[in-house]
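Data first, discussion second: the structure below is written as structure tokens.
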Amino acid sequence: MKIDPVIISANELNVHFGEQVILEEASLSIHDGDRIGLIGRNGAGKSTFLKIISKCMMPDSGEVTYRKDLTVGYLPQDFELDYSKNVYDNILEGASTTLELISEYESLAYDSPKRILLEEKIKQVDGWNIENLIKTIMVSLNCPDKDKELRTLSGGELRRVSICRALTSKPDILILDEPTNHLDTASIEWTEEFLASYSGACLFVTHDRYFLDRIANRIVELYEGQFYSYKGNYTAYLLAKAERTALKESNEKKRQSFIRKELEWVRRGPKARTSKSKSRLDKYFETESQKGYEKEADVDFLIPPADRLSNKVLDLYDIKMELDGKLLFEALNLKFKAGTKLGIIGKNGTGKTSLLKIILGDLKPNKGNIDLGENTKFNYIDQNRLQLNDDETVFETIAEGRDYVLFGEQKVNVWTYLKRFLFTEERINTKVGQLSGGEKGRLTIAKILKEGGNFIILDEPTNDLDLPTLRVLEEALMEFAGCVIVVSHDRYFLNRVCNEILAFEDDGKLVLSEGDYDYYIEKKKANEKVVEKTVVKKEKVEVKANRPRKLKWKEERELEVIEEQIEEAEVKVSEIESIFSAPDFYEKYADKTEELNSQFEEAKKYVSKLYTRWDELEDIKNNYEAGIKK
């Protein structure tokens with residue numbers, strides 16, 4: 001099997017921040033053609049490692065070696081833009097290496113031998129088409145106008161400029177720190193396609209699991225200062241890690257069993273210490289002194305139990321909203337009932353956050369009415385979340401003068417509550433200003449969730465949360481008995497949590513779809529194909545209007561039972577989901593993970609197939625009845 005050459009080699013890196021160990025004798029090789037998804041908890045050191053191999057930071061010890069003439073492109077989380085230049089000039093700086101090659105080529109005499117070498121290098125990076133590349137990237141990522149000054153841009157727009165600049169550079173290796181942050185779904189999908197066809201290597205940190213699945217051919221986990229490499233995408237990593245965890249737990253049980261059995265013999269202290277008994281004793285002490293396997297701790301989100309919702313939860317009637325003379329949406333009707341978990345998707349600036357403000361009563365619509373149930377209590381987590389006081393300790397931030405948190409009708413000790421969010425006793429007494437970004441994110445959500453409520457509204461909740469924390473938040477929301485609204489571009493999150501999708505599509509069009517994100521996309525593609533076929537037919541022949549047909553006898557029988565079939569199929573999906581989310585999943589089902597995953601995908605496909613067929617039959621029936629009335 002051919003192995004691609006190493007382009008970057010990080011050897012025995014050490015990085016300590018005070019007493020906190022970030023990297024400890026950590027080594028990693030990056031090969032040509034690698035598409036590495038670097039994962040790990042917030043604060044594990046992912047961004048630190050990216051800075052080191054991007055030559056923006058030096059480790060305490062260890063070395064990084066690079067292939068000769070290797071070019072590196074780096075997109076940091078924080079903006080590194082020149083505010084004295086406009087959008088286009090900042091993006092053009094990303095192609096500085098290519099522009100230098102072109103400039104040198106043009107400065108040489110026509111018959112210079114070096115021109116041939118430079119021309120080949122320029123062709124390799126498609127340098128002659130650099131302006132077209134920049135235009136394509138700017139349009140695809142919905143970048144601000146090229147002449148705009150940076151000081152006039154929002155945080156999301158600045159992020160887009162930074163991404164455009166990084167992709168324009170077309171280096172040998174692209175290093176991207178959270179490239180999907182502040183991008184809408186369409187822009188994320190375009191970035192995925194760009195990277196999938198990218199000729200260089202790529203190393204990226206992201207919480208977007210769809211992105212990891214589509215782009216990564218290798219997952220590297222940074223855990224307790226060490227790198228653990230897995231071949232394949234994110235799904236393959238989850239399966240491999242489940243098997244590794246199950247094996248470690250099994251070995252630990254065997255170790256403990258051996259210690260228990262031998263302990264009695266050791267206590268008896270055999271009088272005759274033969275060479276055989278000495279060997280047995282040595283083996284006991286060697287096994288007993290080994291460090292036992294410790295299961296990784298997970299955040300355990302505590303969402304206070306929802307107060308019972310009344311029959312009327314929240315109804316929106318014929319809502320219309322305009323801002324600064326621009327129509328965002330109109331004729332919007334929504335009806336919520338207990339258990340509704342609505343995902344809202346769409347491009348930035350289409351009105352998603354405005355809709356949330358209308359629901360919360362912070363913004364008055366131009367038209368329409370809102371009917372709120374008397375028992376409905378909102379809990380809102382906004383994009384910027386609340387501001388934490390850096391001078392307070394973690395304990396003071398949550399306690400607010402008390403030593404307990406109200407949890408429904410019960411009181412939970414503040415220390416107990418914070419430990420469920422992975423704060424150790426030492427960190428609970430730490431000032432907020434000394435926390436890592438991930439710790440601040442967990443603390444913020446802990447502070448907001450303790451307020452309770454039976455209708456939770458989350459605006460981009462997945463930003464800045466690591467993957468283990470995201471999974472636990474998803475499970476908590478799935479089990480939540482109240483209502484949930486989520487504005488998110490995280491397709492994986494939408495699939496796990498939501499049972500309805502409201503899509504803000506082009507030209508102010510709103511589409512409400514039952515089911516998860518994948519089902520919405522499936523229906524959208526099916527509708528686009530229908531429109532496509534209709535256009536083709538109209539171009540070929542003049543289509544004559546035919547009277548709609550009625551359902552056939554078999555189709556009528558099929559329609560009578562299909563709702564019951566859908567309910568049974570959805571129960572099957574729920575049963576498998578509950579197995580996956582069970583706390584003892586790895587212990588009971590580790591060897592069946594792949595089989596269960598396959599069953600889960602098949603069950604979801606079957607539900608989707610039934611819904612599609614139901615829509616077809618209902619359309620035939622409704623069109624026929626409408627035709628008779630005419």
Side-chain angles (χ1 to χ4, degrees), residues 42 46-48 50-51 54 56-57 72-96 99 130-131 133-171 174-192 194-195 202-208 211 323-324 326 345-354 382-385 387 437-438 440-441 444 459-465 487-490 504:
N42 286 340
K46 302 185 297 296
S47 294
T48 298
L50 296 194
K51 289 175 183 176
S54 301
C56 297
M57 175 181 172
V72 178
Y74 175 45
L75 172 71
Q77 281 198 51
D78 300 323
F79 309 125
E80 292 185 354
L81 300 170
D82 187 342
Y83 281 76
S84 67
K85 297 180 179 179
N86 63 19
V87 167
Y88 185 81
D89 289 340
N90 267 279
I91 294 172
L92 195 61
E93 277 192 351
S96 58
L99 295 174
I130 193 67
E131 289 189 5
L133 174 66
I134 291 174
K135 287 177 184 176
T136 300
I137 293 174
M138 288 182 69
V139 170
S140 301
L141 296 182
N142 195 24
C143 199
D145 185 78
K146 67 176 187 176
D147 295 323
K148 276 198 171 183
E149 300 296 323
L150 296 197
R151 57 185 173 76
T152 66
L153 303 183
S154 66
E157 288 172 324
L158 289 170
R159 184 69 175 171
R160 290 167 186 274
V161 174
S162 296
I163 295 171
C164 287
R165 175 175 161 172
L167 298 184
T168 300
S169 63
K170 296 197 76 174
L174 264 172
I175 298 172
L176 308 171
D177 199 349
E178 294 292 359
T180 64
N181 273 5
H182 306 294
L183 293 186
D184 56 51
T185 306
S187 297
I188 292 171
E189 289 174 350
W190 183 88
T191 306
E192 288 173 349
F194 179 91
L195 292 176
C202 186
L203 170 65
F204 54 91
V205 171
T206 182
H207 62 263
D208 189 319
F211 194 92
L323 275 180
D324 300 325
K326 178 186 175 184
I345 62 173
K347 291 182 179 178
N348 296 329
T350 52
K352 303 186 299 296
T353 300
S354 295
D382 70 0
Q383 281 184 337
N384 301 314
R385 303 195 176 113
Q387 295 297 312
K440 286 182 179 179
T444 303
D459 195 354
E460 294 295 352
T462 64
N463 286 350
D464 306 320
L465 295 183
V487 172
S488 180
H489 301 308
D490 189 324
F504 283 66

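Heavy atoms only: backbone and side chains are in, while hydrogens, waters and symmetry mates are out. Worth saying up front: this structure is predicted, and the values here are computed from it rather than measured.
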| said: What I'd like to find out is whether the side chain of Ile188 reaches to under 4.5 Å of the side chain of His489, using heavy atoms alone. | reply: yes
| field | Residues in side chain to side chain donor-acceptor pair (under 3.5 Å) contact with Lys85, at least two apart in sequence or another chain | value | Glu93
| message | Would you compute the distance between atom OG of Ser54 and atom CG of Leu176 and round it to the nearest 0.5 angstrom? | response | 9.5 Å
| task | Would you please name every residue forming a side chain to side chain donor-acceptor pair (under 3.5 Å) with Asn90, sequence neighbours left out? | result | none
| Yes or no on side-chain contact (heavy atoms from CB on, under 4.5 Å) for Glu178 and Phe204, after CA distance, side-chain angles and deciding distance? | CA-CA 7 Å; Glu178 294 292 359; Phe204 54 91; over 6 Å; no
| request: Find the distance between OH (Tyr74) and CG (Leu50) and round it off to the nearest 0.5 Å. | output: 6.0 Å
| query | So how far is it from Lys135 NZ to Ile91 CD1, rounded to the nearest 0.5 Å? | reply | 13.0 Å
| note | Rounded to the nearest 0.5 Å, the CD atom of Glu157 sits from the OG atom of Ser162 at a distance of 12.0 Å
| request: Tell me, with the steps shown, if Tyr83 and Leu158 meet side-chain contact (heavy atoms from CB on, under 4.5 Å). | output: CA-CA 10 Å; Tyr83 281 76; Leu158 289 170; 3.5 Å; yes
| message | As an exercise, state the distance from CG of Asp89 to CG of Asn86, rounded to the nearest 0.5 Å. | response | 4.0 Å
Side chains of residues 141-150: which donor-acceptor partners sit under 3.5 Å, not counting sequence neighbours?
unit_1, atom_1, unit_2, atom_2, d
Asp145, OD2, Asp147, N, 3.1

| Is the closest side-chain heavy-atom distance between Leu167 and Leu174 below 4.5 Å? | yes
| said: Do Leu75 and Arg159 have side chains that approach each other closer than 4.5 Å (heavy atoms only, starting at C-beta)? | reply: yes
| query | Is there a donor-acceptor contact under 3.5 Å from the side chain of Thr191 to the main chain of Ser187? | reply | yes
| Nearest heavy-atom neighbours spanning Lys347 and Ala186 | CE-CB, 4.4 Å
| remark: side chain to side chain donor-acceptor pair (under 3.5 Å) filter on Asp208, not counting sequence neighbours, yields Arg491
| task | Any chance you could lay out the side-chain contact (heavy atoms from CB on, under 4.5 Å) test for Phe504 and Ile345, step after step, and finish with the verdict? | result | CA-CA 6 Å; Phe504 283 66; Ile345 62 173; over 6 Å; no
| request: Decide side-chain contact (heavy atoms from CB on, under 4.5 Å) for Val205 and Ser47; before the verdict, give the C-alpha distance in whole Å, the side-chain angles of both, and the deciding distance to 0.1 Å. | output: CA-CA 8 Å; Val205 171; Ser47 294; 5.6 Å; no
| remark: Heavy-atom closest pair (Cys164 atom, Ile137 atom, distance to 0.1 Å) is SG-CG2, 3.6 Å
| Set of residues satisfying salt bridge (charged side-chain N to carboxylate O under 4.0 Å, His left out) with respect to Lys170, sequence neighbours excluded | none
| note | Residues at least two apart in sequence or cross-chain that pass side chain to side chain donor-acceptor pair (under 3.5 Å) with Ser84, listed by chain then number, are Asp82
| field | Straight-line distance of Asp177 CG to Leu203 CG, nearest 0.5 Å | value | 9.5 Å
| Quick one: are Leu153 and Arg160 in side-chain contact, heavy atoms under 4.5 Å? | no
| message | Measuring only between side-chain heavy atoms, which start at C-beta, is Leu92 closer than 4.5 Å to Thr168? | response | no
